[in-house]
Structures are given as C-alpha cells and as structure tokens.
Amino acid sequence: VLPAAKEAQCTPWRKKACCTVSTSQELHKDTSRLYNFTWDHCGKMEPACKRHFIQDNCLYECSPNLGPWIQEVNQSWRKERILQVPLCREDCEQWWQDCRTSYTCKSNWHRGWNWTSGVNKCPARTTCRTFEAYFPTPAALCEGIWDHSYKATNYRRGSGRCIQMWFDPAQGNPNEEVARFYAGARNAGVMPQGIEHLLLSLAPMLYLWLLGRV
C-alpha cells in the first residue's frame, strides 16, 4: 500500500499497487536510481512536461492492469516489456501539448544513449531540439518515445477501450475494465479494428495473465 503523500503521482494505485513505497519515491526524482535516467539531458525539463513522464513510470511500475500487453524479451537489462498499450486520446494529446516546448535529442528513448557517465547522455552528433521537432504529432510522441510501448488511439477516457495514465482513484480504476476487455476479447475472438494482430502475438502472455501468473 502506497502512502497518500500529497506530491506522489503514484497514489491512484495506492490501494492495489505492484510497486513499493521506495519505488514510488524514486520515480519522482529527476534522476532515479531505478534506471539512472535523467529527464534533463537537454537542460531542465519543464515541470508540466515532467509530470507526464512521472505518471508514465507510475503506470508502468505500479499498475496491476497491464498484463494483456506484457511480452517476454531477451535483453540484458530486462526480461519483459509492455507493447502497444492502447493509450487514451486525451492522455496522449495532453502529454504532447505539455512537452512540445521542452528539449530532447532523441526520438526513441529506449536505446542509443551514451551511458559512459553512468546516466543517459545525448549521443555524439545529436542535437537538442524541441520535442515538437522530434515528435511532430501526439502519436509520434506516444508511440515512438518508448519504442511502441504505447499505441495512440482515438478511444476516449471512459470508453473502456483505452488505458488512462490519469484518473481519479475516488471514482475507481477505469483500467481494470480495459484489461478485462482485451483479455476477454482475445478468448472470444472479437477484437477492435487494428488490434487483432497485436493480441494474436500476445496470446501466450494473455493466457498466463488470465491464470494469474503474470
């Protein structure tokens, strides 16, 4: 159970979290010991932008509702990842809007950094430009920045078809319904347009999730 700290963005998952208190605290730091990753690789990131990355990490580390999109990978630094989580349109658009004037030097943050100092630095021959230069559209940001961990959708919050980064826990967790839908849709053979190929590739992980083993 996470503390109800006023500044903690991970509190929507406080009552049913997959992360610890110490993990939640680390996620709010400019350079977290969890990843040794700094948001300020091109100067100080604007607070309005940074809050979306904190929320993104809270969702990734704390949410119990990402099972349908977990995929095993054979990488030295991790054994599983999320892939093409359908993100609600409002969440994606607001993320892009709040970050468009902050600066970065890469369009894919999953790989290609200079780690010689122990934290991520811009690789040689890259240039710090605005987010909007690297990500001209909301979809380019949400889908590209973490190498397709998210999928931009036209589904709205409350539709039951997209994952929300932001929600009021007093009103319940809307992502529970979404996870149930995508897990059930695979078994029933009924899937939203454009998502069929994704769920077919995730069939083994969906089966394990339904059994409660993920």
*asked:* Applying ring pair (Phe, Tyr, Trp, His ring centres under 6.0 Å), can you list everything that pairs with Phe53, at least two apart in sequence or on another chain?
replied: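 Scan of Phe53 (ring pair (Phe, Tyr, Trp, His ring centres under 6.0 Å), adjacent residues dropped) gives Trp39, Trp95, Trp109.
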
Going by ring pair (Phe, Tyr, Trp, His ring centres under 6.0 Å), name the residues that satisfy it together with Phe167, two or more places apart in sequence or in a different chain.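 Per chain and number, Phe167 pairs via ring pair (Phe, Tyr, Trp, His ring centres under 6.0 Å) with Trp13.
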
Open item on the list: Between Ile145 and Tyr134, is the side chain to side chain contact (heavy atoms under 4.5 Å, CB included) condition met? List the steps.
Closed with: CA-CA 10 Å; Ile145 197 161; Tyr134 280 100; over 6 Å; no

Identify the two heavy atoms, one from [X] and one from [Y], that lie closest to each other, and give their separation to 0.1 Å.
{"X": "Asn120", "Y": "Thr38", "result": "OD1-N, 2.6 Å"}
{"X": "Trp113", "Y": "Cys105", "result": "CZ3-SG, 3.9 Å"}
{"X": "Ser159", "Y": "Cys162", "result": "OG-SG, 3.7 Å"}
{"X": "Pro68", "Y": "Ala179", "result": "CG-O, 3.7 Å"}
{"X": "Leu59", "Y": "Asn175", "result": "CD1-ND2, 4.2 Å"}
{"X": "His148", "Y": "Leu83", "result": "O-CD1, 3.4 Å"}

Residues forming a salt bridge (charged side-chain N to carboxylate O under 4.0 Å, His left out) with Arg157, sequence neighbours excluded: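 For Arg157, the residues satisfying salt bridge (charged side-chain N to carboxylate O under 4.0 Å, His left out) (neighbours in sequence not counted) are Asp91.
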
Results of salt bridge (charged side-chain N to carboxylate O under 4.0 Å, His left out) for Glu132 - residues two or more places apart only: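 Salt bridge (charged side-chain N to carboxylate O under 4.0 Å, His left out) check on Glu132 returns Arg100.
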
For the pair [X] (side chain) and [Y] (backbone), establish whether a donor and an acceptor sit closer than 3.5 Å, ignoring hydrogens and angles.
{"X": "Gln55", "Y": "Met165", "value": "yes"}
{"X": "Glu90", "Y": "Gln164", "value": "no"}
{"X": "Glu143", "Y": "Ala152", "value": "yes"}

From CA spacing to verdict: disulfide (SG to SG under 2.5 Å), Cys122, Cys42: CA-CA 8 Å; Cys122 292; Cys42 278; 3.7 Å; no

What is the distance from atom [atom1] of [X] to atom [atom2] of [Y], rounded to the nearest 0.5 Å?
{"X": "Lys44", "Y": "Ser102", "atom1": "NZ", "atom2": "OG", "result": "11.5 Å"}
{"X": "Phe135", "Y": "Ser107", "atom1": "CZ", "atom2": "OG", "result": "5.5 Å"}
{"X": "Leu87", "Y": "Ser149", "atom1": "CG", "atom2": "OG", "result": "11.0 Å"}
{"X": "Arg81", "Y": "Tyr60", "atom1": "CZ", "atom2": "OH", "result": "8.5 Å"}
{"X": "Thr116", "Y": "Lys121", "atom1": "OG1", "atom2": "NZ", "result": "9.0 Å"}
{"X": "Lys106", "Y": "Cys128", "atom1": "NZ", "atom2": "SG", "result": "12.0 Å"}

Sulfur-sulfur distance Cys10/Cys62 under 2.5 Å: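 With an SG-SG separation of 2.5 Å or more, Cys10 and Cys62 do not form a disulfide.
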
* Asked: Any side-chain heavy-atom pair from Thr153 and Arg161 closer than 4.5 angstrom?
  ->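 Side-chain contact under 4.5 Å: no.
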
Connected via hydrophobic side-chain network under 4.5 Å: Trp146 and Trp69: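 Same hydrophobic cluster.
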
Q. Can you hop from Ile54 to Leu66 via hydrophobic side chains spaced under 4.5 Å?
A.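 Different clusters.
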
message: Enumerate the salt bridge (Lys or Arg N to Asp or Glu O under 4.0 Å) contacts for residues 49-69, please, sequence neighbours excluded, ordered by first and then second residue.
response: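 The answer is Asp30-Lys50, Asp40-Lys50, Arg51-Asp98.
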
Original post:
Do the ring planes of Phe37 and His41 sit parallel (below 30°), tilted (30 to 60°) or perpendicular (above 60°)?
Top reply: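 The rings of Phe37 and His41 stand perpendicular, inter-plane angle above 60°.
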
Can you list the residues that meet the side chain to side chain donor-acceptor pair (under 3.5 Å) rule with Glu93, with sequence neighbours excluded?
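In terms of side chain to side chain donor-acceptor pair (under 3.5 Å), with neighbours along the sequence ignored, Glu93 is linked to Arg89.
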
Notebook entry, point to check: Should we count OH of Tyr103 as having more than 12 external heavy atoms under 6.0 Å?
Noted result: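 No, the 6.0 Å shell around OH holds no more than 12 heavy atoms from other groups.
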
Dump the intermediate steps for side chain to side chain contact (heavy atoms under 4.5 Å, CB included) on Gln71 and Glu80, then the final yes or no. CA-CA 5 Å; Gln71 187 176 67; Glu80 62 183 25; over 6 Å; no

Check your understanding: What do the steps show when you test Trp166 against His52 for ring-ring contact (aromatic ring centres under 6.0 Å, His included), and what is the final call?
Key -> CA-CA 9 Å; Trp166 302 90; His52 290 277; 5.6 Å; yes

Q. Passes side chain to side chain contact (heavy atoms under 4.5 Å, CB included), Val119 versus Asn36? Steps please.
A. CA-CA 5 Å; Val119 298; Asn36 291 327; 4.3 Å; yes

